[in-house]
Amino acid sequence: MQIDEIRKREKALKIINQKIKNDQKNNLIDLTGLTGGFEVNSDEMKLLETYVGPAVFDEKIQEVGKKHLSGEKILPVNRTTAGIVATILTLVAPKTEIIHFLPKKPAHPSIPRTAKLVKADYVEYTDINEIKINPKKTSLVIITGTTMDYEVIDVTDFKQIIKKAKEFNVPVFVDDASGARLRRSIYDQPTAIDMGANLAVTSTDKLMDGPRGGLMAGDKKLIDQIKLTVNQYGLEAQAPLVAGMVNALKAYNPERIRTAFKQKDELYIKLNEANLNPEKTPTGFMFKKEDIKKEILKRDIQTSMSDDILAITYSMLLLKNFNIITIPALGMPEASRTIRIDWSSKDSNKISMDYLINSIVETFNMLETICKNNSFEKIVY
């Protein structure tokens, strides 16, 4: 059984839509850390016109964006991926090289995909001692501040990579999708720009209550060049999106992340007591796809299904039976298969820890039955 990414996601969205039709919207529990939000008041709504909107909100995003990310200039884009794509299209020439350092693989797929698109070589490193920058070939150094599974870069490594790149006058671009908040609120790290990076991009819905979009910051000259590419390819954030970003940045409070950081140990203890062994994250816990397979094998259940299918099935069951939204069922193609529970999500206020633990345990029991019956197809699609 192979995964049809489009059908899988459409199935999950249909489940959510049916729950909403059954008046269960308030019962949905998004624990992805990507819940987002879109707060725009009635006065702002009147300004969301084609030219009036940018005139008003582009100015406002500069102020709040710089406060959040630092940098000389801010550029809102329609997704973090849009910022990554536009940056590589602008700064990387064919037959040059992109060097990418990340705390742990895999990289966000948009990075190697766009490297291939511009016909550039692409090299990943997770060991700082192995990094080799070629001044004649390397056109861009990319750093991932925090991975999709919340692995956080060491601040010493962060600074050392930037220093190496600057020695050869190679620009540094930081994919700081969740890191702009996680690195700073929990690990007290500086902004990427304050550490010397030329460019950074963050997601305005990850660990904050903003709309799904991307926010770039950095050197004015580079931002202006990238902005031209953004406009040429239709990657810019429209006025309604920028208005939502402005209000989300104004409302952002790191205390919710810090509270979850303190409470995660209690969650972990409860799961251990239920004979489950997840991995801790800074703001909750996670079962990677191989962990889900191990849990099934622990029960003397044999299955030929891939780790990917098992993780997606688990995510679908958790959504259908307990209203809990996780990434494997609803993520875009090649999104993480990790069942990551982010206790800093605002929807965590809707449930108790005991409800969450019971849901996790019962979903493993349901997955066991699915494995015995080999009935994955009807769950996933």
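Both backbone and side-chain heavy atoms feed into the values below; hydrogens, waters and symmetry mates do not.
- The shortest distance between side-chain heavy atoms of Y150 and L182 falls below 4.5 Å.
- The shortest distance between side-chain heavy atoms of V64 and N247 does not fall below 4.5 Å.
- Here the closest non-hydrogen pair linking N198 and V170 is OD1-O, 4.3 Å.
- A 4.5 Å side-chain heavy-atom check between V201 and T87 finds every atom pair outside the cut-off.
- The environment of NZ in K137 is crowded: more than 12 heavy-atom neighbours from other residues, nucleotides or ligands sit within 6.0 Å.
- Within 6.0 Å of CG in N349 there are more than 12 heavy atoms belonging to other residues, nucleotides or ligands.
- Under a hydrophobic-cluster definition in which Ile, Leu, Val, Met, Phe, Trp and Tyr are linked whenever side-chain heavy atoms come within less than 4.5 Å, directly or via other members, M45 and Y51 are assigned to different clusters.
- Between the side chains of D342 and S344, a donor-acceptor pair is found at a separation under 3.5 Å.
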Side chain to side chain contact (heavy atoms under 4.5 Å, CB included) between V123 and E97, worked out: CA-CA 8 Å; V123 187; E97 175 186 68; 3.8 Å; yes

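- Test D308, I309, T338 against K289 for side-chain contact (heavy atoms from CB on, under 4.5 Å) and you get one pass: D308.
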Residues D176, R181; criterion salt bridge (charged side-chain N to carboxylate O under 4.0 Å, His left out); working and verdict: CA-CA 9 Å; D176 224 8; R181 285 156 299 285; over 6 Å; no

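- Judged by distance alone, the side chain of E44 and the main-chain N or O of N41 form a donor-acceptor pair under 3.5 Å.
- By the 4.0 Å N-to-carboxylate-O rule, R258 lies close enough to E255 to be salt-bridged with it.
- In this structure, the side chain of T138 does not engage the main chain of L140 through any donor-acceptor pair within 3.5 Å.
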Side chain to side chain contact (heavy atoms under 4.5 Å, CB included) assessment of Q263 paired with L267: CA-CA 7 Å; Q263 293 178 340; L267 282 167; 5.8 Å; no

Without placing hydrogens or testing angles, list every side-chain donor-acceptor pair under 3.5 Å for residues 226-235, not counting sequence neighbours.
residue	atom	partner	partner atom	Å
T229	OG1	T90	OG1	2.6
N231	ND2	K227	O	3.4

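- Looking at I327 and L34, their side chains come closer than 4.5 Å, going by heavy atoms from C-beta outward.
- Using a 4.0 Å cut-off between charged nitrogen and carboxylate oxygen, K270 and E273 do not count as a salt-bridge pair.
- Side-chain contact of R183 with T191: a donor-acceptor pair under 3.5 Å is absent, judged by distance alone.
- Under the 3.5 Å distance criterion, the side-chain polar atoms of R79 are left unmatched by any main-chain donor or acceptor of G214.
- The same ILVMFWY cluster, assembled from side-chain heavy atoms under 4.5 Å apart, contains both L222 and I111.
- A salt bridge links K220 to D224: at least one charged side-chain nitrogen sits closer than 4.0 Å to a carboxylate oxygen.
- At least one test fails for R340 against the ring of F285: distance under 6.0 Å to the centre or angle within 45° of the axis.
- Between the side chain of K8 and the backbone N or O of P328 there is at least one donor-acceptor pair closer than 3.5 Å.
- With hydrogens and angles ignored, the 3.5 Å screen pairs no side-chain donor or acceptor of D157 with any backbone N or O of I161.
- Remark: K372 engages E368 in a salt bridge, criterion side-chain N to carboxylate O under 4.0 Å.
- In this structure, the side chain of S203 does not engage the main chain of D205 through any donor-acceptor pair within 3.5 Å.
- Counting all heavy atoms, side chain and backbone alike, T202 lies closest to A177 at OG1-O, 2.8 Å.
- Remark: the D209 side chain and the Y252 side chain contain no N/O donor-acceptor pair separated by less than 3.5 Å.
- If you chain together hydrophobic residues whose side chains sit under 4.5 Å apart, M286 and Y187 never meet in one group.
- Using modelled atom types, one side-chain atom of S348 and one backbone atom of W343 make a donor-acceptor pair closer than 3.5 Å.
- Taking all atoms of both residues into account, the shortest heavy-atom contact from G218 to I193 is CA-CD1, 3.9 Å.
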Working for salt bridge (charged side-chain N to carboxylate O under 4.0 Å, His left out), residues D291 and K288: CA-CA 5 Å; D291 298 328; K288 293 183 178 177; over 6 Å; no

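- Residues I370 and I3 share a single hydrophobic cluster, defined by chaining ILVMFWY side chains whose heavy atoms lie under 4.5 Å apart.
- In this structure, K104 does not pair ionically with D149, as no charged nitrogen and carboxylate oxygen lie closer than 4.0 Å.
- Between L319 and A12, the closest heavy-atom pair is CD2-O, 3.7 Å.
- In this model, a donor atom of one side chain and an acceptor atom of the other lie less than 3.5 Å apart for H100 and Y122.
- Inspection of the N323 and K19 side chains reveals an N or O donor paired with an N or O acceptor under 3.5 Å.
- In this structure, the side chain of N373 does not engage the main chain of S375 through any donor-acceptor pair within 3.5 Å.
- For K11 and Y381, the positive end is not near the middle of the six-membered ring at less than 6.0 Å and at most 45° from its axis.
- No more than 12 heavy atoms of other residues, nucleotides or ligands sit less than 6.0 Å from atom CD of E63.
- Separation of atoms CD (E362) and CG (L317) is listed at 11.5 Å; rounding is to 0.5 Å.
- Side-chain contact check for F57 versus P76: every heavy-atom pair is 4.5 Å or farther apart.
- With hydrogens and angles disregarded, no donor-acceptor distance shorter than 3.5 Å links the side chain of T204 to the backbone of G210.
- Defined by atom type and a distance below 3.5 Å, a donor-acceptor pair is present between the side-chain atoms of N365 and R299.
- Nearest heavy-atom pair across S139 and A93 is OG-N, 4.4 Å.
- Inter-residue side-chain proximity for V172 and L199 is flagged as unmet; no heavy-atom pair is nearer than 4.5 Å.
- Cluster annotation: I379 is connected to L318 through the hydrophobic network of ILVMFWY side chains, with a link wherever side-chain heavy atoms come within less than 4.5 Å.
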Side chain to side chain contact (heavy atoms under 4.5 Å, CB included) between N374 and M305, intermediate numbers included: CA-CA 9 Å; N374 197 31; M305 284 299 117; 4.0 Å; yes

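- Ring-plane geometry between F364 and Y314 is classed as tilted, the angle between the planes lying from 30 to 60 degrees on a 0 to 90 degree scale.
- Atom NZ of K320 has 12 or fewer neighbouring heavy atoms from other residues, nucleotides or ligands inside a 6.0 Å radius.
- Considering all non-hydrogen atoms of both residues, I74 and Q62 come closest at O-NE2, 2.7 Å.
- No hydrogens or angles considered: a donor-acceptor pair under 3.5 Å links the side chains of S70 and D194.
- Between L31 and T326, every side-chain heavy-atom pair lies at or beyond the 4.5 Å cut-off.
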Side chain to side chain contact (heavy atoms under 4.5 Å, CB included) assessment of F322 paired with I29: CA-CA 8 Å; F322 299 101; I29 306 155; over 6 Å; no

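- Salt bridge status for K280 with D265: present, with a side-chain N to carboxylate O gap under 4.0 Å.
- For the residue pair E295 / N277, no side-chain donor-acceptor distance below 3.5 Å is found, with atom types taken as modelled.
- The pair R337-E5 meets the salt-bridge criterion, with a side-chain N (NZ, NE, NH1 or NH2) lying under 4.0 Å from an Asp/Glu carboxylate O.
- Looking at F287 and I341, their side chains never come closer than 4.5 Å, going by heavy atoms from C-beta outward.
- Side chain of D219 to main chain of K221: no donor-acceptor pair is present (N/O by atom type, distance under 3.5 Å, no hydrogens or angles).
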